[in-house]
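Okay, structure first, notes after.
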Amino acid sequence: MRTALDTNAPYLVGVGQLAAQMREAHFPLPKPFGFHLVRGTLPGALLQGCTVEARHSDAAARLSLAAHCEYAVLFEFPWFPLLAGLPTAPAIQEALAEAICAGLVRGSGGGGCNMARRWWLAYELFFQKLPLGDLSQKTELIPFLPPERFFCLPSGVPSLRHGVLDNLLGGKDFCPFVEKFAGATEASKEFQAELFEVLSPICMMTIKDFFNEVGLAGYSSMDHEKFDKLVHQLVDGGFSMSDLDLCELRSVFGLTKSDTPVATSLVEFATWLRGSRVLAARLREHLLGVAPVDLRWHAPGEQFLDRLSRVISSIETRASQMIENELPPDRKERFFVDVISEPWNRDNISIDAPLIVRLQRGLLSAQGYEDVCLTQAENEPRRVTQNWVSSENYDDMVGKAKVLHMLPPPPEVLDKLYQGYFGCLKKMLDDPAMDPIVCATVAKIAFNTLHPLVDGNGRVQRALFQLILFKFGFLPRMNVPVSVIMLQDRTGYEGMQQKHVDQVMAGISSTEMRSEGEGDVFRHTSTADGIMALYQYQDFTFATSSMIKLMQGTLPVIAAKAYFLQRFDWRVDELLRGDALLPARAATQIAKAFKNDVHGGLSIFNLGKLLCRDGWSIGLKRIFRFLAIARHPQDVFGLGRVRQAVSEFMARSQRRFWISTSGQQSASSSTARVRWVGVSLDKYCTSELALKRALSVSKPGDTVMAVHYPKDVNTLFNVDLFPNLAQTILADITTLREEMLSKVEAVVDEVADTGRADGVLFRAFVGKSSSYKPAHAICEDAKVAEVKPYRIYVGYDQDDHHRTFTDYIVRHAPCDVAIIKGEFSRNGVTRWVGISHRNFDISGAALIKAFAHSHPGDTVVAAHYPLNPFEEEGLSSVYHEHFTSTTEGHMDSIMDNMQTRILERASWIADSHRKEGVDFQTMVGRRSTYPHVLLVQDAAAPLLPGGPPKPHTIYVGYTPRRDRGHLLDAPQKLYDVAEYVVRHAHCNVVVVKETREAMVQRLRRRKLEKHGAG
């Protein structure tokens, strides 16, 4: 980092220039704030992605020290590593104090410049008070960190003296920074929602027992007497309900005259229970914690989640140990669940040094813990020696050598770092509105960077991650098997941690990491106080993004284990019901003889153990009879597997058959098109908009297909839980499908009456239940169709919608996708097209599509937001390598030329494809690293005088990811640009997947066919 500062010093402005002049201080990579560079200059290799363009074009060499301080105070956020190093440069400290005082004079209302007020607070946080009076009590508080850009404390602490709301995640001794990225704000809520989706069958297991208690075994009509019994059961179990809750629950069952019943069938009740209503969410959480009715083979007070947590904790502990290339010591596979449940009350756990001691002692073997105590402080989880993380590398010239990956802080400063670390966690934990994943990630990754233990750092940090999620009540009495996913992609996980550590290691030069004459022994040779700033103010943006990806990957593991226990419980209950004299222990042993995977079947190994160990006491004849009782209806054996494969083949054949007979062949000409509309029952209002839109834009000869794939009923609840209701449930599902079809036909008749669908062929299809997700079935059928759909239309609910359905179709559909969010007339429509200079091929295709869909009186706007290639990670190295000699001092002209060329190419497309009467405009927005964010913001902004009209539809090209986005070490956003626009735009969106070359060739073929027909 010091070399990078020296190299770029002539071009750095503000904070970067001050850091370059502080020769004795240590600085990590300047993330997330970055350094400012003079226009037309290029950053060095280490600073790529960490610089932004300065606010003025004056050469840095012509600016004085006071001018640099003034620039920093006015335009840059306070950088804590710089403030921590100011004691090594008294002249800079004095100049910065004067610049803060001068900056507070500027501005209106006596409050001074907003950025200067932030610097004022930060300066006095590190040093003595400046000779300034307090601001007026009427001064409006500004947040230290803008909430729209950073994760911060939602409440914060007001500092009236400075007029600033201190919403930092930590304090002077330890303060992490986390910048928001695409999808970050919704990630925690979406994970919780998907987790409850996975656990929803467990809720139905409990509600089945409630229904049996109140006499609703056949789910007969609910009356007031049965409703009171149900409420009594819930209240006795600890579920409190207000009068409003009781009224809402009555309306669900149709016991109020004014409301239409929601749950006229068990399927509808399960759907309501999985919905977004507050009462439904509270009831889900309660049902997940209810103890089972049959306690013969359960521990006292045990619930399903306790057992699920033990199973997941076992594999979590084992995976956590295997990451360290060890096995769980002393059979401590259940340590995680022991930490979480019985030995401690998780609500009263304090994240402090005694907790670290207990975790380290519990996660290490007895001998291992005795060994580490020899080099740790007495009764403290703090090493007294320097440690490091390295690996061996072999070179033909040098031979075998050690490569240093991480050098933790020296032991002399660990005590102070510990205090700041625990104080930061307490500050975040005390704010209930804090994002749980961000807090848990900071606790985990920061503990890894500090590496305060002699052994067990990795295992302790993974336990801390779980405990903090529990402290927030984020998890329903079960942990998340993140270590399992880490073990599956160990290289990616280690790469993620290394990428974070590299930000710190950039502040340590090679001469400061190894002692002379000690061979491969690494340690800090600089003063401990100066080194400490590297570890106190870390950027956790990339780490948070990676941990969110990790947690999303745990959902299939949780679902598999929940499915395993659900089927296991079914077997044991059937055995105990079939023979009242069978001991509960024997029933569990018999149930373990089966494979509890998707296909079931007998496990030869477990069956052998059962026969050899318990066969003599139970009897072989009885065991085989019990095996027949415990056989699940979905279990398949040798011949059953063959039948299953044949049925799957026939199902694929039937799918091809309906595609070939659906009327698409009538649309196989070059002019006619096939439009598919995904129809959903729970969000039919949005599907209706999409269907109307597809019908209204179709022309004679086109085909519109309303396609509905019902959710697999087992995603609501397992039908085997209600064997006496299986036929009724299937009949209810059939009724719902028929109602959906009637609604669709009513929409078609309504549009037909207006004459807008004359000559349009309409088909409606209801497919079989999708075992994965309906969106998957739609995309797969679209791929194998002989005539692929021209476009798939999807309705979208902006406020309350399971976005995964839309996201999946946008990502995997083989054709364009239209996201319908509202209706508008056919005349006077405005279409915005996002134009990208990197992907102009797909942007040009979107522009051609916009012209093709326009009519006289419409307006097409080509919106371009310039992207500085020297700021974009991944591109800066290319430009730096090839254009350094030609771009120095000419950046403005180069960017202007790029912008001119892009607009000229867009105008050329407009001249070739614009229809008569269609207006064409170009719009150049602000320069940004995230142009899609500005596109959405400007589309929703109020109409400005002289500016382009607000869009009714945004056209955006979709570029498939060519990176290793599934790995943790790929520093990518959670969502693609097109997916971001789909999620956040307030108007309709058309996602174009066809390239411009392919579209032009198709248009040429169509013209040739027309001329040939003529």
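Below, each value reflects all heavy atoms present in this structure, side chains not excepted, and no hydrogens, waters or symmetry copies.
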If you round to the nearest 0.5 Å, how far is CE of M705 from CZ of F762?
9.0 Å

Is it true that atom CZ of R277 has more than 12 heavy atoms of other residues, nucleotides or ligands lying nearer than 6.0 Å?
no

Any side-chain heavy-atom pair of S907 and E904 under 4.5 Å
no

Looking at CD of E994 and CD1 of I848, how far apart are the two atoms once the value is rounded to the nearest 0.5 Å?
9.0 Å

V982 versus T806: any side-chain heavy-atom pair under 4.5 Å?
yes

Do V989 and V956 come within less than 4.5 Å of each other through their side chains, counting heavy atoms only?
yes

Can you measure from CZ (R905) to CG (D841) and round to the nearest 0.5 angstrom?
8.5 Å

Test side-chain contact (heavy atoms from CB on, under 4.5 Å) applied to V936 and H932, step by step:
CA-CA 6 Å; V936 172; H932 54 286; 5.8 Å; no

Does some side-chain heavy atom of R693 sit less than 4.5 Å from a side-chain heavy atom of E823?
no

Got a salt bridge between K783 and E780, using NZ or NE/NH1/NH2 to carboxylate O under 4.0 Å?
yes

To the nearest 0.5 Å, what is the distance between NE2 (H986) and NZ (K821)?
7.5 Å

Go through K692 and V747 one step at a time and tell me if the side-chain contact (heavy atoms from CB on, under 4.5 Å) criterion holds.
CA-CA 7 Å; K692 290 181 178 179; V747 173; 3.7 Å; yes

Return yes when atom NZ of K915 has more than 12 non-hydrogen atoms of other residues, nucleotides or ligands closer than 6.0 Å, and no otherwise.
yes

Polar side-chain atom of K699 near backbone of V760 as donor-acceptor pair, under 3.5 Å
no

Under the side chain to side chain donor-acceptor pair (under 3.5 Å) criterion, do Y793 and R675 qualify, and how do the steps go?
CA-CA 7 Å; Y793 289 76; R675 292 176 169 86; 3.1 Å; yes

Closest non-hydrogen contact found for C987 with H952 is CB-O, 3.4 Å

Validation row, ring centre F33 to ring centre F150 under 6.0 Å:
yes

Tightest non-hydrogen contact, residues H855 and V918, listed as O-CG2, 3.4 Å

Taking it one step at a time, do I778 and F805 satisfy side-chain contact (heavy atoms from CB on, under 4.5 Å)?
CA-CA 10 Å; I778 292 177; F805 177 83; 4.1 Å; yes

When rounded to the nearest 0.5 angstrom, what distance separates OG1 in T922 from CG in L903?
5.5 Å

Please check: side-chain N/O of D858 versus main-chain N/O of V829, any donor-acceptor pairing under 3.5 Å?
yes

What pair of heavy atoms forms the shortest contact from I902 to F840, and how long is it?
O-CE1, 4.0 Å

Closest non-hydrogen atoms of S698 and V704, given as atom of the first, atom of the second and distance, are OG-CG2, 3.3 Å

Within the distance-only criterion (no hydrogens, no angle test), does the side chain of K743 pair as donor or acceptor with the backbone N or O of E688 below 3.5 angstrom?
no

Examine H853 together with Y955 and report whether their ring centres are nearer than 6.0 Å.
yes

For the residue pair Q921 and T859, establish whether any side-chain heavy-atom pair is separated by less than 4.5 Å.
yes

Distance col, row L847:CG vs I909:CD1, nearest 0.5 angstrom, shows 5.0 Å

Heavy-atom pair with the smallest gap, counting every atom of R831 and S854
NH1-OG, 3.3 Å

When you compare the side chain of I548 with that of F181, does any pair of heavy atoms fall below 4.5 Å?
yes

With ring centroids as reference points, do F920 and F851 lie under 6.0 angstrom apart?
yes

Indicate yes or no: does K180 engage E148 in a salt bridge with an N to O separation below 4.0 Å.
no

Short side-chain to backbone donor-acceptor contact, S545 and F542, under 3.5 Å
no

Give me the atom names and distance for the closest heavy-atom approach of I809 to I792.
CG2-CG2, 4.2 Å

I'd like to check I954 versus L935 (side-chain heavy atoms, cut-off strictly below 4.5 Å). Are they in contact?
yes

Give the C-alpha distance, both sets of side-chain angles, the deciding distance and a yes or no for salt bridge (charged side-chain N to carboxylate O under 4.0 Å, His left out) between R149 and E179.
CA-CA 6 Å; R149 180 181 171 188; E179 196 170 14; 2.9 Å; yes

Mark yes or no for whether D702, through its side chain, and R673, through its backbone, hold a donor-acceptor pair below 3.5 Å.
yes

Hey, is the main chain of G957 close enough, under 3.5 Å, to the side chain of K993 for a donor-acceptor pair?
no

Any side-chain heavy-atom pair from W832 and D938 closer than 4.5 angstrom?
yes

Under 3.5 Å: donor-acceptor pair, side chain of H812, backbone of C779:
no

Carefully, step by step, assess E76 and H36 under the rule side-chain contact (heavy atoms from CB on, under 4.5 Å).
CA-CA 8 Å; E76 298 183 82; H36 286 205; 3.7 Å; yes

